[in-house]
2 protein chains.
Amino acid sequence: MSTSPRGQEAARTTTADRLRAFESPCDDCAIRETSVCEVLDPAQLARLRTITTVVRLDPHSTLFQEGEAAEHLSNVVEGAVKLYKLLPDGRRQITGFLFPGDFLGVALNKTYAYSAEAITKLRLCRFPRQRMENLLKELPNLEHRLLEMAGNELVAAQDQMLLLGRKTARERLASFLLMLARRARARGQPENPLPLPMSRADIADYLGLTIETVSRTFTQLRKDGTIALPEQTRVELVNRAKLEELAEGG
Amino acid sequence: MSTSPRGQEAARTTTADRLRAFESPCDDCAIRETSVCEVLDPAQLARLRTITTVVRLDPHSTLFQEGEAAEHLSNVVEGAVKLYKLLPDGRRQITGFLFPGDFLGVALNKTYAYSAEAITKLRLCRFPRQRMENLLKELPNLEHRLLEMAGNELVAAQDQMLLLGRKTARERLASFLLMLARRARARGQPENPLPLPMSRADIADYLGLTIETVSRTFTQLRKDGTIALPEQTRVELVNRAKLEELAEGG
DNA sequence: CGGTTCATTGATTCGCGTCAATGCAGGTGG
DNA sequence: CCACCTGCATTGACGCGAATCAATGAACCG
């Protein structure tokens with residue numbers, strides 16, 4: 001089926017999901033207060049719900065690829081997503097990571113400007129783009145919210161340009177860890193020790209470095225006493241002041 | 001006066017400007033069809049005009065600095081602007097250039113996320129942010145247009161991340177020249193030879209390089225026969241296919 | 001328990017940065 | 001009209017931070 005994500009659609013939308021999506025679905029949604037939905041009153045939420053499909057995906061499944069017609073927008077409910085662009089020879093730049101509460105496709109572009117892939121198991125609320133655009137005409141506060149979120153994304157993108165253009169490897173990694181911590185905190189999740197759901201390769205491709213440099217820089221910060229690495233997928237921010245200083249170019 | 005740009009406000013808004021802004025001002029505006037205004041009908045344009053001030057600035061004047069409260073949004077009518085972020089030690093990343101028809105502040109953020117400086121003589125239509133936000137409530141098509149423009153900026157920002165994170169100096173410069181050419185064409189201006197209103201330092205800080213590397217790379221492309229440099233502020237795109245290939249990582 | 005994948009560490013290379021000198025155009029005053 | 005300055009831009013010599021190439025280690029898993 002052409003409009004659905006590639007990769008195993010693991011536990012497909014279940015009957016329970018559908019029932020929930022039909023009756024009370026959003027009431028107990030963990031991300032309601034931090035996502036695009038936060039501006040909607042109950043009646044508006046019900047409208048949005050009519051165009052919503054809950055989708056579950058396995059790690060490594062591709063949501064869509066750069067250049068495809070943009071069929072859907074999504075709200076990440078659970079899990080993590082990476083967005084990336086490729087050069088023909090395979091060089092990759094990850095342009096962002098999405099976590100619960102983040103919205104995929106604020107820009108409303110007709111074609112996807114990047115590819116998207118699940119890092120972990122994923123749960124999404126998915127909206128057909130055309131129906132969403134129609135809905136926006138009736139819910140100006142929803143459109144206003146999208147503009148606000150687009151503004152936040154632009155600010156983040158500009159920070160990332162500063163990072164990629166002008167920061168050293170140490171500064172990049174420090175900025176990255178603090179960004180993850182800030183976002184984890186914003187959605188009320190543990191920020192110290194901080195989970196790192198993505199691989200070293202993903203971190204490298206996000207920071208414009210190689211795997212080896214990321215690894216060496218982790219080691220360096222660990223020997224510094226700035227961080228600790230109890231596991232590969234978890235960092236403890238031991239000296240946060242030091243990280244802040246590094247991130248700002250200190 | 002605290003709400004006005006620093007730097008000499010060269011030829012301040014003249015009586016003629018005010019008259020024009022009051023009566024027919026937008027009718028003969030060169031950028032009307034490519035700017036934020038293009039979606040407005042005459043009555044709506046008149047509404048927007050009531051909150052508009054025409055501002056003229058000299059080269060090198062600062063429009064605002066990162067971190068300040070965002071008092072105004074602007075539409076560039078004539079001239080060029082650079083947007084940049086600084087690290088405490090002076091490292092600079094230019095995050096964008098604005099040309100006629102471009103809008104400054106689509107994000108509607110409460111504080112400026114970057115500094116803005118005039119590259120050339122400048123003419124702007126300036127709108128108080130709060131009044132603009134009020135107006136958006138009444139003109140949903142204007143808000144929709146801003147969201148569309150924000151989407152375009154996001155796409156450009158992602159392209160720039162790919163450039164900064166993964167492209168070589170040659171590829172960066174090729175991408176840059178093609179981007180300028182594309183935008184010049186979009187506003188109906190000469191694209192070959194292509195004017196370069198910004199300095200080598202600005203180009204370097206936009207591409208995440210040094211002045212020297214930019215200069216050497218220009219020389220290299222010139223010796224290649226890919227471009228010609230009749231003057232310092234003008235490039236001729238001799239072999240555009242080669243540039244395209246380079247820009248895509250060929 | 002061997003195989004696979006990913007992270008770490010080491011040795012070496014290289015593209016771009018740094019430092020320094022020279023070139024070149026535009027403005028200014030004698 | 002020219003000497004001089006000043007602010008870019010270019011060019012050259014050299015160094016360094018991160019990339020590349022290669023090996024080893026550690027976790028996971030069928």
Side-chain angles (χ1 to χ4, degrees), chain A residues 58-60 82 87 89-94 117 119-120 163-177 195-224 227-235 246 249, chain B residues 58-60 82 87 89-94 117 119-120 163-177 195-224 227-235 246 249:
Chain A
D58 274 343
H60 304 298
K82 62 187 173 201
L87 288 173
D89 65 1
R91 278 175 285 172
R92 186 176 69 149
Q93 179 65 39
I94 292 185
E117 186 181 317
I119 294 175
T120 63
L163 180 150
L164 292 169
R166 289 301 181 218
K167 290 186 183 177
T168 65
R170 274 170 76 82
E171 292 164 356
R172 290 180 199 207
L173 195 54
S175 303
F176 175 67
L177 295 176
L196 294 181
M198 66 292 288
S199 69
R200 295 294 189 267
D202 289 343
I203 297 174
D205 284 346
Y206 181 65
L207 298 179
L209 300 170
T210 58
I211 299 176
E212 293 93 328
T213 298
V214 168
S215 183
R216 279 187 253 268
T217 308
F218 266 125
T219 303
Q220 210 183 307
L221 291 175
R222 185 168 48 71
K223 288 184 175 162
D224 273 351
I227 62 170
L229 289 164
E231 309 159 57
Q232 280 180 348
T233 61
R234 208 169 292 278
V235 210
L246 264 176
Chain B
D58 274 344
H60 304 299
K82 62 187 174 201
L87 288 172
D89 65 0
R91 277 175 285 172
R92 186 177 70 148
Q93 179 65 39
I94 291 185
E117 186 180 317
I119 293 174
T120 63
L163 180 150
L164 292 170
R166 290 300 180 218
K167 290 187 183 175
T168 65
R170 274 170 76 83
E171 292 164 356
R172 291 179 199 207
L173 196 54
S175 304
F176 175 67
L177 295 176
L196 295 180
M198 67 291 289
S199 69
R200 296 294 190 266
D202 288 342
I203 297 173
D205 284 347
Y206 182 65
L207 298 179
L209 300 169
T210 59
I211 299 176
E212 292 92 329
T213 298
V214 168
S215 183
R216 279 188 255 267
T217 307
F218 266 125
T219 303
Q220 211 183 308
L221 292 175
R222 186 168 48 72
K223 288 183 177 164
D224 273 351
I227 62 170
L229 289 164
E231 309 158 56
Q232 281 181 345
T233 60
R234 207 169 294 276
V235 210
L246 264 176

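Reminder, nothing fancy here: chain letters follow the sequence lines and each chain counts from 1.
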(Q) Measure CG/A:Leu229 against P/C:dC6 and give the value in whole Å, please. (A) 18 Å
(Q) On DNA chain C, compare the nucleotides closest to A:Val214 and B:Gly208; which residue's is nearer the 5' end? (A) A:Val214
Q) Quick one: B:Leu164 CG to C:dC16 C1', roughly how many Å, whole number? A) 15 Å
Q.
Tell me the interatomic distance from B:Gln232, atom CD, to D:dG7, atom P, rounded to whole angstroms.
A. 16 Å
Q | Nearest-0.5 Å distance that lies between atom CE in B:Met198 and atom OG1 in B:Thr120 | A | 9.5 Å
Q. Is there a donor N/O on one and an acceptor N/O on the other, under 3.5 Å, for the side chain of B:Glu212 and the base of C:dC19?
A. yes
**Q.** Full working for side chain to side chain contact (heavy atoms under 4.5 Å, CB included) between A:Thr168 and B:Arg91
**A.** CA-CA 11 Å; A:Thr168 65; B:Arg91 277 175 285 172; 4.2 Å; yes
Q: Report yes if at least one side-chain N or O of A:Thr219 is closer than 4.0 Å to OP1 or OP2 of C:dT9; otherwise report no.
A: yes
**Q.** Gap between atoms CG and C1', on B:Leu209 and C:dT18 respectively (whole Å)
**A.** 14 Å
(Q) Looking at every heavy atom in both B:Leu229 and B:Arg200, which two are closest together, and how far apart are they? (A) CD2-NH2, 4.4 Å
Q. In whole Å, what is the span from the CZ atom of B:Arg234 to the P atom of D:dA9?
A. 15 Å
Q | Atom pair distance, as rounded to whole Å: CZ in B:Arg166 and P in D:dA18 | A | 13 Å
(Q) Please report the distance, rounded to the nearest Å, between NZ in B:Lys167 and P in D:dA19. (A) 18 Å
Q.
Minimum heavy-atom separation for A:Lys167 and B:Leu87, please, with both atom names.
A. CE-CD2, 4.0 Å
Q) Roughly, in whole Å, what's the span from CZ in A:Arg91 to P in D:dA19? A) 13 Å
Q: For D:dA19, take OP1 and OP2 only and decide whether either is under 4.0 Å from a side-chain N or O of A:Thr213.
A: yes
Q | For the student: nearest non-hydrogen atoms of A:Asp224 and A:Leu221, plus distance | A | CB-O, 3.2 Å
(Q) Quiz question: going by heavy-atom distance under 3.5 Å, is there a donor-acceptor pair between the base of D:dG12 and the side chain of B:Arg216? (A) yes
(Q) Using a 4.0 Å heavy-atom cut-off, does B:Ile211 contact any base of the nucleic acid, only the sugar-phosphate backbone, or nothing at all? (A) base
Q. Across the strands shown, which category fits B:Ser199 at heavy-atom distances under 4.0 angstrom: base, sugar-phosphate, nothing?
A. sugar-phosphate
Q: Return the 5'-most residue of the pair A:Phe218, B:Thr168 with respect to DNA chain C, ranking by each residue's nearest nucleotide.
A: A:Phe218
